[in-house]
Asks: 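Below is one structure. I have some questions about it.
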Amino acid sequence: SLAHSVPIVSHVYILDCVSSGSLLDRGAYLLPAGFSTLLMQEVEQGQDCNQELRINDCLLPSPPATSTRLSNRVKDEDTNVSCRKILSGLHVLIISTDKFFTDDWQSVLDSLGAAVTKRTAASARLAQLRAPDVVVTDSKAPTALCTDLSARHDIPVVSTNWVIQCAVNNGRIAFNNFKCKLPN
C-alpha cells in the first residue's frame, strides 16, 4: 500500500465511520509507515525524512535531469513528497527462480517508479540484459546470473529490505546497508 500511495488506516477508522454514519477525517487514524532501521524510529506515512537521511549519508545521489521536461517533473515531485516516484531513474533487476517473488516485487518497484527487469530462468545471463543499477534477489537466484554478478563488483546486490526501507523512509536509500550475498 505504501508503494501505491494508498493511506493505511487503523480498523478503528471503519468502526468510527460506521458509528458516526459518515466518513471521518482519516488523518487521526493513519498508521505509521513502518520502522526505519536507518533512523531507528517509526516513520509516519508520507513523512519527508530526506534531510535526516542526508545528514546520516543514507541516500543515493539524485539522478541528473536529462531534459528540461524531466527537470521540471523532478521539481514538481519534490514539492509533493508523499506522491513522488522515489526510485524514478533507477533500473532494477529482480532475480529469483521463484516467479511469485519476481512478480510481487516488480509490482512494488514499478509503483515506486523504478524501471524493472526480472529474470527467473536458470539460463538467463547478465550480458543479455541492460546493465542494472541494482539487483534485488532472494535465496533462490538463478546460478548463471549469480556467476555473472560475482564478477561485476560495480552492480550492488541487495535484499528486499532495501525496497522496504525506501518505501518506509519515502526516499532513495543508499545500497550499502542492504547488500546481500548471492546464493551459491
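Predicted model only: the values in this text are computed from it and were never measured.
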Asks: If a pair satisfies salt bridge (charged side-chain N to carboxylate O under 4.0 Å, His left out) and one of its residues is in residues 6-34, list it, with sequence neighbours excluded.
Replies: none

Asks: Does the side chain of Arg172 reach to within under 4.5 Å of the side chain of Asn50, using non-hydrogen atoms?
Replies: no

Asks: Are Ile95 and Leu149 side-chain neighbours, meaning at least one heavy-atom pair lies under 4.5 Å?
Replies: yes

Asks: Give me the other members of the hydrophobic cluster that Met40 sits in, counting Ile, Leu, Val, Met, Phe, Trp and Tyr linked by side-chain heavy atoms under 4.5 Å, directly or via other members.
Replies: Phe35

Asks: How long is the span from the CG atom in Leu87 to the SG atom in Cys166, to the nearest 0.5 Å?
Replies: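 So the gap between those two atoms works out to 5.0 Å.
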
Asks: How close do Ala122 and Pro142 get, counting heavy atoms only, and between which atoms?
Replies: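 Scanning both residues, the minimum pair turns out to be CA-CB, 4.1 Å.
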
Asks: Is any side-chain heavy atom of Thr117 closer than 4.5 Å to one of Pro132?
Replies: no

Asks: On a heavy-atom basis, which atom in Ala167 and which in Ile86 lie closest, and how many Å separate them?
Replies: N-CD1, 4.1 Å

Asks: Check step by step if side-chain contact (heavy atoms from CB on, under 4.5 Å) holds for Asp133 and Leu60.
Replies: CA-CA 11 Å; Asp133 296 308; Leu60 288 176; over 6 Å; no

Asks: Please list all pairs meeting side chain to side chain donor-acceptor pair (under 3.5 Å) that have one or both residues in residues 119-131, counting only residues at least two apart or in different chains.
Replies: Arg125-Asp148

Asks: Does Asn177 reach the side chain of Thr37, with side-chain heavy atoms less than 4.5 Å apart?
Replies: no

Asks: Would Val134 and Leu129 show up in the same hydrophobic cluster when neighbours are defined by side-chain heavy atoms closer than 4.5 Å?
Replies: no

Asks: To the nearest 0.5 Å, how far apart are CD1 in Ile14 and CG in Leu23?
Replies: 10.5 Å

Asks: Same hydrophobic cluster for Phe175 and Val157, using side-chain heavy-atom links shorter than 4.5 Å among ILVMFWY?
Replies: no

Asks: Applying the 4.5 Å side-chain criterion to the ILVMFWY set and letting contacts propagate, would Leu112 and Val116 be lumped into a single cluster?
Replies: yes

Asks: By side-chain contact (heavy atoms from CB on, under 4.5 Å), which residues pair with Ile164, not counting sequence neighbours?
Replies: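 With neighbours one apart ignored, the set is Trp105, Asn161, Val168.
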
Asks: Just how far is it from atom CG of Leu109 to atom OG1 of Thr160, taken to the nearest 0.5 Å?
Replies: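 Nearest 0.5 Å value for the CG-OG1 distance: 10.0 Å.
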
Asks: Distance check, rounded to the nearest 0.5 Å: Ile155 atom CD1 versus His91 atom NE2?
Replies: 10.0 Å

Asks: Does the side chain of Phe101 come within less than 4.5 Å of Lys140's, by heavy atoms?
Replies: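 No, too far: nothing below the 4.5 Å cut-off.
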
Asks: Exactly one of Ile173, Leu39, Leu38, Asn56 should register a side-chain contact (heavy atoms from CB on, under 4.5 Å) with Cys49. Which one does?
Replies: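 Of all the options given, the one that passes is Leu39.
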
Asks: Who clusters with Ile55? Use side-chain heavy atoms, under 4.5 angstrom, across I, L, V, M, F, W and Y, and order the result by chain and number.
Replies: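 Noted: Ile55 shares its cluster with no other residue.
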
Asks: Not counting sequence neighbours, which residues clear side-chain contact (heavy atoms from CB on, under 4.5 Å) with Ser139? List them please.
Replies: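 With neighbours one apart ignored, the set is empty.
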
Asks: In Å and rounded to the nearest 0.5 Å, what is the CG to CG distance from Leu126 to Leu93?
Replies: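 One finds 7.0 Å between CG of Leu126 and CG of Leu93.
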
Asks: Just to verify, what does Ser96 make a side-chain hydrogen bond (donor to acceptor under 3.5 Å, both in side chains) with, not counting sequence neighbours?
Replies: Asp138

Asks: Among Asp48, Asn170, Leu59, which residue satisfies the side-chain contact (heavy atoms from CB on, under 4.5 Å) criterion with Leu53?
Replies: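 Of the listed options, the one satisfying the test is Leu59.
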
Asks: Calculate, to the nearest 0.5 Å, the distance between atoms CG and CD belonging to Leu30 and Glu44 respectively.
Replies: 8.0 Å

Asks: Can you name the side-chain hydrogen bond (donor to acceptor under 3.5 Å, both in side chains) partners of Glu52, sequence neighbours left out?
Replies: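 Per chain and number, Glu52 pairs via side-chain hydrogen bond (donor to acceptor under 3.5 Å, both in side chains) with no residue.
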
Asks: Please say yes or no: joined through hydrophobic side-chain contacts below 4.5 Å, possibly via intermediate residues, are Leu31 and Tyr13 part of one cluster?
Replies: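 Different clusters.
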
Asks: Which residues satisfy the side-chain contact (heavy atoms from CB on, under 4.5 Å) test with Ser22, sequence neighbours excluded?
Replies: Ser20, Leu24

Asks: Applying a strict under-4.5 Å side-chain criterion to I, L, V, M, F, W and Y, I'd like to know whether Ile8 and Leu15 cluster together.
Replies: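 No, separate clusters.
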
Asks: Under 3.5 Å, side chain of Lys85 to main-chain N/O of Ser111, donor-acceptor pair present?
Replies: yes

Asks: In chain order, what residues pass the salt bridge (Lys or Arg N to Asp or Glu O under 4.0 Å) check against Arg152, with sequence neighbours excluded?
Replies: Asp154

Asks: Using a 3.5 Å distance criterion without hydrogens, assess whether the side chain of Thr147 forms a donor-acceptor pair with backbone atoms of Thr143.
Replies: yes

Asks: For Lys181, what residues pass the side-chain contact (heavy atoms from CB on, under 4.5 Å) criterion, not counting sequence neighbours?
Replies: none

Asks: Just jot down the side-chain hydrogen bond (donor to acceptor under 3.5 Å, both in side chains) partners of Ser36, sequence neighbours excluded, or say none.
Replies: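 Partners of Ser36 under the side-chain hydrogen bond (donor to acceptor under 3.5 Å, both in side chains) test: Asn169.
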
